[in-house]
Student: 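Before I ask anything, here is the structure I am working with.
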Amino acid sequence: MADIEAYASQARAWLAETPIPENTGTEVSRQFMAVLYDAGYSGISWPAEYGGQGLSTAEERVFQQAARGKALPTGVFGIGLGMCGPTLLSLGTEEQKKRYIRPLLRGEEIWCQLFSEPGAGSDVASLQTRAVLDGDSWVLNGQKVWTTVAQHADYGLIIARTDVDVPKHKGITMFVVDMHAPGVTVRPLRDMTGIAHFNEVFFDDVRIPQDQVVGGVNNGWHAAITTLLHERLSIGMGSAAPDRPTSYRSIAARAQQRGLTEDPAVREKLVDLYVQERALELFNARLAQEVKAGINPGSRGSVTKLLLAELTLDSAETAAEIFGEGVVAHSEDDELARYAAALAWAPGMALGGGTNEIVRNAIGERVLGLPREPQVDRDVPFRELKVGTQKKEAGA
């Protein structure tokens with residue numbers, strides 16, 4: 001305990017002394033990640049042999065707590081740190097771990113995740129992006145969509161169909177793809193916030209070396225599930241900090257300043273928000289303790305993702321209900337502007353990392369042990385399925 005307290009004190013001192021850039025551009029983020037890494041605060045619990053600090057999740061959580069309220073410009077690395085890196089550590093070859101982990105942690109390379117397709121969103125296993133072995137490399141063709149930070153990414157984890165003669169879940173392979181390779185085209189997609197959070201990505205005869213397979217040929221569904229578990233756990237545990245724009249603390253303070261907390265209805269809404277937020281914090285703490293003890297939380301990571309998605313929606317709506325039309329009818333300089341942005345962004349949390357409906361299915365089947373939903377196509381060879389563009393390309 002004394003060591004942890006000393007570590008926490010050291011982390012707080014470093015954060016207090018280190019200038020935090022206000023400009024959050026990509027190059028500034030890369031530079032700050034290098035500073036973070038050199039100080040020993042990037043990859044805190046990642047294996048030292050691959051570039052991490054080799055400490056425990058206790059130290060990592062201590063640093064996260066110390067950094068609360070600090071707008072560290074590391075968001076562009078969130079996909080790599082929360083999903084791609086952990087997947088490579090779980091399933092990657094020694095060569096892949098040695099090649100990719102340290103540059104990720106130092107901010108030298110940005111990563112994205114390429115799963116969803118126009119015809120394969122919730123049913124990811126119906127994906128039709130194809131990879132065909134040609135000599136010593138795979139040739140990739142297809143399209144992905146809703147890909148976060150693809151416009152900045154150097155590498156990505158992509159899943160593609162490599163065998164159409166087996167059921168859809170069995171003919172998928174995961175690859176590391178160079179996002180700067182010839183044939184890769186990235187087009188940003190603007191959402192209703194006016195920001196291009198996502199992208200659509202096209203692959204035209206992109207060549208991927210054989211040694212960039214992750215987790216084995218035709219074992220991509222297992223690799224994808226591994227990534228999704230990391231994603232949902234990362235989203236849930238990394239985004240519920242009390243300094244969120246629509247956190248209980250923020251909304252309650254603003255309501256009190258405006259003299260609204262005398263209203264019993266407002267107090268009731270604030271209590272409901274506090275209970276949700278506190279429940280999520282306690283659940284995250286439990287999972288963190290299990291990880292520290294070497295217990296894999298497995299599909300329970302989906303629970304924390306679902307709780308966060310519901311909290312994000314409820315907290316944004318609570319802000320709108322308490323502060324009224326000012327949340328949506330604000331000027332650029334209005335103090336309520338951040339609530340308006342949160343309200344516009346909130347629905348995305350119910351979609352990213354799996355829709356709430358899909359996540360509930362996963363929780364029911366894999367956590368609660370409920371019967372699986374009927375899947376009549378689970379054992380049918382993919383080339384016989386009439387899904388997406390397969391309807392036009394029967395047998396392709």
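As the structure is a prediction and not an experimental result, all values here were calculated from the model. Heavy-atom basis, side chains included; hydrogens, waters and symmetry copies ignored.
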Student: Between Arg130 (side chain only) and Val164 (backbone N and O only), is there a donor and an acceptor less than 3.5 Å apart?
Tutor: no

Student: When you measure from the side chain of Thr18 to the backbone N and O of Leu15, does any donor-acceptor pair fall under 3.5 Å?
Tutor: no

Student: Counting C-beta onward and ignoring hydrogens, is there a side-chain heavy-atom pair between Leu36 and Trp14 closer than 4.5 Å?
Tutor: yes

Student: So Met179 and Val149, side-chain contact (heavy atoms from CB on, under 4.5 Å) or not? Walk me through it.
Tutor: CA-CA 11 Å; Met179 295 297 290; Val149 306; over 6 Å; no

Student: Do Thr87 and Met174 have side chains that approach each other closer than 4.5 Å (heavy atoms only, starting at C-beta)?
Tutor: yes

Student: Do any N or O atoms from the side chain of Lys144 and from the backbone of Phe115 form a donor-acceptor pair under 3.5 angstrom?
Tutor: yes

Student: State, to 0.1 Å, how close Gly40 and Gln53 come at their nearest heavy-atom pair, and which atoms those are.
Tutor: O-CG, 3.4 Å

Student: Could you walk me through whether Asp3 and Glu59 pass the side-chain contact (heavy atoms from CB on, under 4.5 Å) test, one step at a time?
Tutor: CA-CA 9 Å; Asp3 290 342; Glu59 284 87 358; 5.9 Å; no

Student: For a quick test of reading the model, state the closest non-hydrogen atom pair linking Leu157 to Cys84 and the distance between them.
Tutor: CD1-CA, 3.7 Å

Student: Using atom types as modelled and distance alone, determine if a side-chain donor or acceptor of Asn199 lies under 3.5 Å from a backbone N or O of Thr147.
Tutor: yes

Student: State, yes or no, whether a side-chain contact exists between Ile101 and Leu88 at a heavy-atom distance under 4.5 Å.
Tutor: yes

Student: Suppose we screen for side chain to side chain donor-acceptor pair (under 3.5 Å). Which residues come up paired with Glu108, at least two apart in sequence or across chains?
Tutor: Arg106

Student: Could you work out, with side chain to side chain contact (heavy atoms under 4.5 Å, CB included) as the rule, every residue matching Val166, not counting sequence neighbours?
Tutor: Asp163, Lys170

Student: Report yes or no: do Ile79 and Ile159 belong to one cluster of Ile/Leu/Val/Met/Phe/Trp/Tyr joined by side chain heavy-atom distances under 4.5 Å?
Tutor: yes

Student: Are the side chain of Glu310 and the backbone of Leu307 linked by a donor-acceptor contact shorter than 3.5 Å?
Tutor: no

Student: Could you go step by step and tell me if Glu277 and Leu311 meet the side-chain contact (heavy atoms from CB on, under 4.5 Å) rule?
Tutor: CA-CA 7 Å; Glu277 194 171 280; Leu311 172 61; 4.3 Å; yes

Student: Residues two or more places apart in sequence or in another chain: which of them pass side chain to side chain donor-acceptor pair (under 3.5 Å) with Ser42?
Tutor: none

Student: Where do Gln113 and Met83 come nearest, in terms of heavy atoms and distance?
Tutor: NE2-SD, 4.4 Å

Student: May I have all residue pairs that pass ring pair (Phe, Tyr, Trp, His ring centres under 6.0 Å) and include part of residues 252-274, sequence neighbours excluded?
Tutor: Tyr248-Tyr274

Student: On a heavy-atom basis, which atom in Ala181 and which in Val206 lie closest, and how many Å separate them?
Tutor: CB-CG1, 4.1 Å

Student: Are the side chains of Phe203 and Asn141 in contact, using a 4.5 Å heavy-atom criterion?
Tutor: no

Student: With a 4.5 Å limit on heavy-atom distance, are the side chains of Asp134 and Arg207 in contact?
Tutor: yes

Student: Give me each pair satisfying ring pair (Phe, Tyr, Trp, His ring centres under 6.0 Å) with a member in residues 50-108, each pair once, sequence neighbours excluded.
Tutor: Tyr41-Phe63, Tyr100-Trp111, Tyr100-Tyr155

Student: Partners of Gln96 by side chain to side chain donor-acceptor pair (under 3.5 Å), sequence neighbours excluded?
Tutor: none

Student: Please tell me if the side chains of Leu81 and Met33 come closer than 4.5 Å, counting only heavy atoms from C-beta onward.
Tutor: yes

Student: Has Arg161 got a side-chain atom pairing as donor or acceptor with Ala125's backbone, closer than 3.5 angstrom?
Tutor: yes

Student: List the residues meeting side chain to side chain donor-acceptor pair (under 3.5 Å) with Arg190, not counting sequence neighbours, and say none if there are none.
Tutor: none

Student: First locate atom CG of Leu273, then atom CD1 of Ile251, and finally report the distance between them rounded to the nearest 0.5 Å.
Tutor: 5.0 Å

Student: Examine distances only and state if a side-chain atom of Thr304 and a backbone atom of Arg300 form a donor-acceptor pair shorter than 3.5 Å.
Tutor: no

Student: Looking at every non-hydrogen atom in both residues, tell me the closest pair between Ala67 and Leu72 and how far apart they are.
Tutor: CB-CD1, 3.9 Å

Student: Provide the full list of side chain to side chain donor-acceptor pair (under 3.5 Å) pairs with a residue in residues 173-184, sequence neighbours left out, each pair given once.
Tutor: Asp154-His180, Thr162-Thr173

Student: Would you say Ser29's side chain and Pro73's backbone share a donor-acceptor pair under 3.5 angstrom?
Tutor: yes

Student: In terms of side-chain heavy atoms, does Glu117 have a donor or acceptor partner in Gln128 at a distance below 3.5 Å?
Tutor: no

Student: Nearest 0.5 Å, what's the CD-NZ distance between Gln64 and Lys70?
Tutor: 16.0 Å

Student: Applying side chain to side chain contact (heavy atoms under 4.5 Å, CB included), name anything that partners Gln65, two or more places apart in sequence or on another chain.
Tutor: Arg61

Student: Go through the structure and list residues passing ring pair (Phe, Tyr, Trp, His ring centres under 6.0 Å) with His169, not counting sequence neighbours.
Tutor: Trp221

Student: Do Thr226 side-chain atoms and His222 backbone N/O form a donor-acceptor pair below 3.5 Å?
Tutor: yes

Student: Not counting sequence neighbours, which residues clear ring pair (Phe, Tyr, Trp, His ring centres under 6.0 Å) with Trp138? List them please.
Tutor: Phe175

Student: Are the side chains of Val201 and Val184 in touch, meaning some heavy atoms are under 4.5 Å apart?
Tutor: yes

Student: Within a strict 4.5 Å, meaning less than it, do heavy atoms of the Val145 and Arg187 side chains meet?
Tutor: no

Student: What pairs of residues pass the salt bridge (Lys or Arg N to Asp or Glu O under 4.0 Å) test when at least one of them lies in residues 261-273, not counting sequence neighbours?
Tutor: Lys269-Glu321

Student: So, for Thr74 and Phe32, which heavy atoms are closest and what is the spacing to 0.1 Å?
Tutor: CG2-CD2, 4.1 Å

